[in-house]
Amino acid sequence: YLQTKEIYQKHHIDEQYPLNKITFYIGIATVSGVSIVANFQETNVLIVHWFGAILTFGGGAIYQCLQVC
């Protein structure tokens, strides 16, 4: 986030700055999904584990796509 923000400021690219913030929050959600998957076993709390997995893989895919924009 900070590296991209610095590049935007150095090259005076203001229109991409909101996208960088959105990407940051999606990255936070993805990391939260990893934590949920790690802390809730699939055998005990299936719904919560799957929610974390979907958040991780879905959020990770979106995050990667937005980072290359």
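Every heavy atom of this structure was used, including side-chain atoms; hydrogens, water molecules and symmetry mates were not.
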List the atom pairs, donor and acceptor, that lie under 3.5 Å between side-chain atoms in residues 19-27 and the rest of the protein, sequence neighbours left out.
residue : atom : partner : partner atom : Å
Asn20   : ND2  : Tyr1    : O            : 3.2
Thr23   : OG1  : Leu19   : O            : 2.8

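- Residues Ile36, Phe40, Val45, Val48, Phe51 make up the rest of the hydrophobic cluster containing Leu55, defined by ILVMFWY side-chain heavy atoms closer than 4.5 Å, directly or through other members.
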Exercise answer: donor-acceptor pairs, residues 59-69 side-chain atoms, under 3.5 Å, sequence neighbours excluded:
none

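- The list of side chain to side chain donor-acceptor pair (under 3.5 Å) pairs with a residue in residues 31-41, not counting sequence neighbours, reads Ser35-Asn39, Gln41-Asn44.
- Ile54 belongs to no hydrophobic cluster with other residues, because no ILVMFWY side-chain heavy atom falls under 4.5 Å from its own, directly or through intermediates.
- Contacts classified as side chain to side chain donor-acceptor pair (under 3.5 Å) and involving residues 47-62 (residues at least two apart or in different chains) are not found.
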